Amino acid sequence: MDPTASAGFNVQQIREDFPLLSREVRPGVPLAYLDSAATSQKPTVVIDAMDRYYREMNANIHRGIHKLAEEATLAYENARERIADFIHAPSPEELIFTRNTTESINLVANSWGRAFLKAGDMILLSEMEHHSNLVPWQILATHLSLRLEFIPVTPQGLLDQDAFQDFLEQEPKLLALTHMSNVLGTINPLEDMLAKAKSAGAVTLVDGAQSVPHFPVDISTLQADFYAFSAHKMVGPTGIGILYGRRELLEEMPPFLGGGEMIKKVELRSFKSNDLPHKFEAGTPAIAEAIGFGAAVDYLSRISMAEVEKQERILTGYALERLSGIPNLHVLGPGIEEKGGVVSFYLDGIHAHDVAQILDSEGIAVRAGHHCAQPLHTKFNLPATSRASLYFYNTPEEIDRLVEGIYKAKSIFD
Ligand code: C6P
């Protein structure tokens with residue numbers, strides 16, 4: 001019996017929405033796409049929404065007064081509204097379109113960080129952060145002589161809550177954490193951690209690259225000051241992401257990039273910033289991509305994020321169970337209770353890249369390497385891991401193929 005079977009969810013029907021999922025990687029070798037943490041596949045409705053924009057209303061936005069410009073502007077702003085609803089943000093003006101999670105975090109570091117931090121201030125991160133939530137702070141720390149501290153990761157792949165408490169007593173100015181690790185799959189208890197950080201006087205930023213695509217996220221209950229995510233990991237296009245920021249903070253922050261659109265008035269030696277959210281959207285934005293992003297959240301909403309989460313949980317449980325039966329294979333991170341659909345593993349004596357290469361020969365797409373979380377791999381003394389990352393469109397049969405592929409790699413390299 002299909003362990004993911006549940007009333008109202010038909011994975012075969014869902015898969016038909018994604019043209020690429022029916023592709024053969026080589027003649028007679030169907031694709032098993034287990035790399036959605038890197039980027040997800042895209043449904044026809046998203047591809048069509050972008051195609052329609054270019055065919056029917058391509059024009060620059062917020063500038064022209066002609067019909068096409070009006071339609072394009074409306075479609076762009078409408079997408080912002082639907083994305084705001086999707087994460088329950090108080091208002092769409094608090095959502096800035098960026099290129100991706102990385103740019104969203106860089107925006108905060110360069111704007112808020114440079115304006116409000118000073119030498120000696122502490123930024124609290126964790127050892128499980130993606131490079132996107134490490135390097136911008138390292139750059140800023142060098143410029144401003146800031147202090148970076150890191151909440152340790154326990155051997156089980158959880159954040160050490162005692163150490164977190166100790167750091168809070170040292171009054172960090174910023175807590176910047178991932179909601180879900182792209183290597184361990186750990187879903188961090190952010191509601192509690194952000195509330196504690198707030199009481200300690202810290203501003204909070206959440207890297208939501210792996211959370212918004214996979215389970216319901218409610219900005220209003222989470223109370224994050226900043227929340228960053230990318231469209232391309234949630235069935236949307238590449239080249240567009242979001243920075244949610246609390247209005248009071250965004251209002252007092254200086255612009256990040258200067259140019260057209262982000263101004264109200266310009267003189268030769270000075271300018272006046274535009275209102276939110278345009279103050280942070282300099283130049284012609286990724287219009288088709290924003291429209292595609294809107295179609296992506298509509299698509300996910302139709303399935304419902306609760307259902308997405310449920311399907312991934314069942315699949316992850318199945319993957320953990322199957323992988324646990326393979327001798328000399330070690331899965332990183334916590335058990336299913338604290339884990340999303342990311343399963344990173346290593347095999348004694350076989351390099352992660354060799355495993356991924358054998359899997360590729362079987363049509364199975366996984367990622368191998370440090371997954372842009374090199375300090376975390378160093379912590380666990382691993383140069384690299386293989387990673388299968390799941391989404392609601394995956395099937396138990398694909399996990400079975402992964403397991404067979406791993407046995408094949410073992411037979412070749414053992
Ligand atoms: N992780 C992965 O294969 P961008 O590239 O800006 O859309 O997302 C960056 C990012 C930030 N935080 C986390 C937790 C992430 O997982 C990612 C992207 C991909 O794991 C590509 S490196």
Side-chain angles (χ1 to χ4, degrees), residues 33-42 83 96-110 125-139 150-151 153 157 159 175-188 190 204-215 217 224 226-244 256 286 289-290 292-293 296 312 332-333 338-345 352-353 356 359-360 365-377 382 384-391 394:
Y33 189 74
L34 303 178
D35 197 19
S36 292
T39 197
S40 72
Q41 295 305 339
K42 324 298 177 199
I83 300 162
I96 316 296
F97 278 124
T98 61
R99 279 192 305 140
N100 46 39
T101 305
T102 306
E103 188 173 285
S104 297
I105 297 172
N106 276 276
L107 192 165
V108 178
N110 281 284
L125 309 167
S126 89
E127 290 177 340
M128 68 168 74
E129 299 311 312
H130 186 280
H131 298 168
S132 296
N133 197 29
L134 284 177
V135 182
W137 306 117
Q138 292 170 353
I139 295 170
F150 302 90
I151 305 168
V153 172
L159 292 180
L175 172 71
L177 286 183
T178 188
H179 203 160
M180 175 173 140
S181 162
N182 67 322
V183 176
L184 306 167
T186 312
I187 299 170
N188 289 316
L190 286 196
T204 59
L205 177 145
V206 178
D207 170 353
Q210 300 293 350
S211 44
V212 180
H214 298 285
F215 51 86
V217 168
F226 297 108
Y227 201 104
F229 54 103
S230 304
H232 71 96
K233 294 184 198 291
M234 46 191 291
V235 311
T238 54
I240 189 125
I242 288 287
L243 173 68
Y244 159 81
F256 170 38
E289 287 75 7
F293 198 174
E312 281 185 41
L332 270 64
E338 282 128 333
K339 196 180 184 72
V342 164
V343 184
S344 298
F345 61 90
H353 284 111
L359 291 173
D360 177 56
V366 299
R367 189 173 168 187
H370 52 58
H371 318 303
C372 301
Q374 206 166 7
L376 181 67
H377 280 76
L382 294 165
T385 52
S386 306
R387 183 188 70 184
S389 55
L390 308 169
Y391 214 1
N394 287 123

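In listed order, ligands and their atoms are each counted from 1. Computed over heavy atoms, backbone and side chain alike; hydrogens, waters and symmetry mates excluded. Note that the structure is predicted; figures quoted are calculated from it, not measured.
Remark: T385 OG1 to R367 CZ distance equals 9.0 Å, nearest 0.5 Å. The distance from atom CG of L376 to atom OG of S181, rounded to the nearest 0.5 Å, is 6.0 Å.
Checking side-chain atoms of S126 against main-chain N and O of L177 turns up no donor-acceptor pair under 3.5 Å. With R387 contributing its side chain and N182 its backbone, the two residues share a donor-acceptor pair below 3.5 Å.
Close contacts between ligand 1 and R367 involve ligand atoms 2 (C), 3 (O), 19 (C), 20 (O), 21 (C), 22 (S) [criterion: under 4.0 Å to a heavy atom]. Distances below 4.0 Å separate heavy atoms of S230 from the following atoms of ligand 1: 4 (P), 6 (O), 7 (O), 8 (O). Short contacts between ligand 1 and T102, defined as distances under 4.0 Å to a heavy atom of the residue, involve ligand atoms 4 (P), 5 (O), 6 (O), 9 (C). Taking a cut-off of under 4.0 Å to the non-hydrogen atoms of A209, the atoms of ligand 1 that pass are 10 (C), 11 (C), 12 (N), 13 (C), 15 (C), 17 (C). Contact atoms of ligand 1 toward C372: 22 (S) (distance under 4.0 Å to a heavy atom of the residue).
Annotation: T178 places no N or O atom under 3.5 Å from an N or O atom of ligand 1; distance criterion only. Considering backbone and side-chain atoms alike, K233 places an N or O below 3.5 Å from some N or O of ligand 1. For ligand 1, the polar-atom distance check finds no N/O of H371 at less than 3.5 Å from any of the ligand's N/O atoms.
In this structure the side chain of M180 reaches within 4.5 angstrom of the side chain of V342, judged on heavy atoms. You'll find the side chain of M234 reaches within 4.5 Å of the side chain of Y391, heavy atoms only.
Considering only non-hydrogen atoms, atom 10 (C) of ligand 1 lies nearest to H130 out of H130, H179, E103. Of the options Q210, H232, H370, the smallest heavy-atom separation from atom 16 (O) of ligand 1 is shown by Q210.
Looking at every heavy atom in both residues, K339 comes nearest to L332 through NZ-O, 2.8 Å.
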Using the rule given for ring pair (Phe, Tyr, Trp, His ring centres under 6.0 Å), can you reason through H371 versus H130, listing the C-alpha separation, both sets of side-chain angles and the distance that settles it, and then say yes or no?
CA-CA 8 Å; H371 318 303; H130 186 280; 9.9 Å; no
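When non-hydrogen atoms are compared, ligand 1 lies under 4.0 Å from the side chain of D207 (C-beta onward) but not from its backbone. Only side-chain heavy atoms of R387 come within less than 4.0 Å of ligand 1; its backbone N, CA, C and O stay farther off. Using a 4.0 Å cut-off between heavy atoms, R99 makes no contact with ligand 1 at all. For A38, heavy-atom contacts with ligand 1 shorter than 4.0 Å involve the backbone as well as the side chain.
Side-chain contact annotation: S104 with T98, donor-acceptor N/O pair under 3.5 Å present. Residues S389 and Y33 bring no donor and acceptor atom of their side chains to less than 3.5 Å of each other.
In terms of protein heavy-atom proximity, atom 9 (C) of ligand 1 is closest to S132 OG, 3.5 Å.
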